[in-house]
Amino acid sequence: MEIFLVILGILLMILGILGSFLPIIPGPLTSWIGLLVLHYTKGAQLSSTFLIATLIIAVIIYVLDYIIPALGTKRFGGSKEGMIGTTLGLVVGLIAPIPFGIIIGPFIGALVGEMIHRNDINKATKAAFGSFLGFIASTFLKFIVAIIYFGLFIAKLSEHNSSWF
C-alpha cells in the first residue's frame, strides 16, 4: 500500500505541474493533494500545520489564477472575449504542432477574441497583450508553487522511515 500511495502522490505532483499550464486542471491544488496522499503513508507523516499552510497557499493561488489574468486584461482595456480567446488559444497552442504554441496560442487567441469584441486592431492588440501578460504571470505563479510542492514532496519522501512493504 505504501508504494501505491507514493506512486499516486508522484502522479498527482506531475499532474499538478502540468495543471500549471492546462486550464482544466488546478495545478497547485492537485499538487497539494499529492502532499496529502504522502501524509497517509506510514513513514512520511506531515504535520497538520504544514498541510494547512500549504492548502491555504494552494487555495490563494487558485483564486489568484482568476484574478491576475482579469487584472491584466482590464489594465490594458481587454474584454471577456479576450479572456476566453486566451484560454482557447492556450488549448490550441498545446495541441497544435507549432513551435512555442503555448506562448503564441494565448496571444493569438486573445487578439482574435478582442477583434470579435471590437474591430479596432490597435485597441485589440493592446488588450490582447494585457490578457497575455496576465495569463503568463498567473501561469508562472502556479508553476513555481507546483514545483515547490514537488520539492517538498521529494524532501518529505526522503525522510521516509518505515518499511515500503
Side-chain angles (χ1 to χ4, degrees), residues 6-38 51-157:
V6 169
I7 290 171
L8 179 60
I10 289 171
L11 290 175
L12 287 165
M13 286 289 153
I14 292 169
L15 193 59
I17 291 169
L18 292 174
S20 300
F21 301 99
L22 301 171
I24 56 173
I25 301 170
L29 283 174
T30 305
S31 293
W32 181 83
I33 294 170
L35 288 171
L36 184 63
V37 167
L38 182 64
L51 287 172
I52 291 169
T54 52
L55 175 61
I56 290 170
I57 292 168
V59 169
I60 289 170
I61 298 302
Y62 180 76
V63 171
L64 285 176
D65 186 36
Y66 291 98
I67 295 172
I68 292 172
L71 290 175
T73 301
K74 184 178 178 182
R75 172 78 172 92
F76 286 84
S79 65
K80 181 179 176 184
E81 288 84 355
M83 290 290 299
I84 293 169
T86 301
T87 303
L88 292 175
L90 170 66
V91 172
V92 170
L94 286 169
I95 296 170
I98 58 173
F100 306 107
I102 196 168
I103 296 172
I104 296 169
F107 180 78
I108 292 175
L111 183 62
V112 169
E114 290 301 333
M115 286 301 292
I116 289 170
H117 178 70
R118 67 185 81 148
N119 205 6
D120 180 350
I121 189 69
N122 292 330
K123 289 182 180 179
T125 303
K126 182 180 175 187
F129 184 70
S131 181
F132 175 71
L133 282 180
F135 164 77
I136 292 297
S138 177
T139 300
F140 180 73
L141 187 61
K142 290 186 300 183
F143 178 71
I144 292 299
V145 170
I147 290 294
I148 289 170
Y149 282 11
F150 188 64
L152 291 170
F153 182 93
I154 297 299
K156 295 296 183 179
L157 185 61

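Both backbone and side-chain heavy atoms feed into the values below; hydrogens, waters and symmetry mates do not. Just so you know, these numbers come straight off a predicted model, no measurement behind them.
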Novice: For P28 and V145, work out which heavy atoms get closest and say how close.
Specialist: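 That closest heavy-atom pairing would be CB-CG1, 3.8 Å.
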
Novice: Find out whether Y149 and I57 are in side-chain contact, i.e. whether some heavy atom of one side chain is under 4.5 Å from a heavy atom of the other.
Specialist: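 With C-beta onward as the side chain, the pair touches.
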
Novice: Heavy atoms only: give me the nearest T30-L12 pair and the separation to one decimal.
Specialist: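 For T30 versus L12, the nearest heavy atoms are CG2-O, 3.5 Å.
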
Novice: Under 3.5 Å, which donor-acceptor pairs link side chains of residues 89-100 to any protein atom two or more places apart or in another chain?
Specialist:
none

Novice: Find the distance between CG (L18) and CD1 (I25) and round it off to the nearest 0.5 Å.
Specialist: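 That separation rounds to 6.5 Å.
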
Novice: Do T139 and D65 come within less than 4.5 Å of each other through their side chains, counting heavy atoms only?
Specialist: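 The answer is no; the side chains never approach within 4.5 Å.
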
Novice: Do V112 and E81 touch side chain to side chain, with heavy atoms closer than 4.5 Å?
Specialist: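 A side-chain contact is absent here, since even the closest heavy-atom pair is not under 4.5 Å.
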
Novice: Work out which heavy atom in K142 is nearest to a heavy atom in G19; give both atom names and the distance.
Specialist: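 Smallest interatomic distance, heavy atoms only, reads NZ-O, 3.9 Å.
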
Novice: So how far is it from K126 NZ to L111 CG, rounded to the nearest 0.5 Å?
Specialist: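 Rounded to the nearest 0.5 Å, the NZ-CG separation comes to 15.0 Å.
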
Novice: Could you pull out the closest heavy-atom pair between K156 and L38, with the gap in Å?
Specialist: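 That would be CB-CD2, 3.7 Å.
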
Novice: Any side-chain heavy atom of W32 within less than 4.5 Å of one from L51?
Specialist: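 Sidechains of L51 and W32: in contact.
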
Novice: How close do V37 and G9 get, heavy atom to heavy atom, and via which atoms?
Specialist: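 Reported closest heavy-atom pair: CG1-N, 4.0 Å.
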
Novice: About how many Å separate CD1 of I68 and CD1 of I136, when rounded to the nearest 0.5 Å?
Specialist: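 I136 atom CD1 to I68 atom CD1 measures 12.0 Å (nearest 0.5 Å).
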
Novice: Show the nearest heavy-atom pair for residues P106 and F135, with the distance to one decimal.
Specialist: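 Here P106 and F135 meet closest at CG-CE2, 3.5 Å.
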
Novice: Distance from L15 atom CG to S20 atom OG, nearest 0.5 Å?
Specialist: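 Answer for the CG-OG pair, L15 versus S20, is 10.0 Å.
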
Novice: Side chains of T125 and F129: closer than 4.5 Å at any heavy-atom pair?
Specialist: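 A side-chain contact is absent here, since even the closest heavy-atom pair is not under 4.5 Å.
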
Novice: State, yes or no, whether a side-chain contact exists between I10 and F153 at a heavy-atom distance under 4.5 Å.
Specialist: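 Yes - at least one pair of side-chain heavy atoms lies under 4.5 Å apart.
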
Novice: Measure up the F21 and F143 rings against each other and bin them: parallel (under 30°), tilted (30 to 60°), perpendicular (over 60°).
Specialist: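 Aromatic pair F21/F143 classed tilted.
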
Novice: For the CD1 atom of I61 and the CD1 atom of I56, what is their distance to the nearest 0.5 Å?
Specialist: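 Result: 12.5 Å between the selected atoms.
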
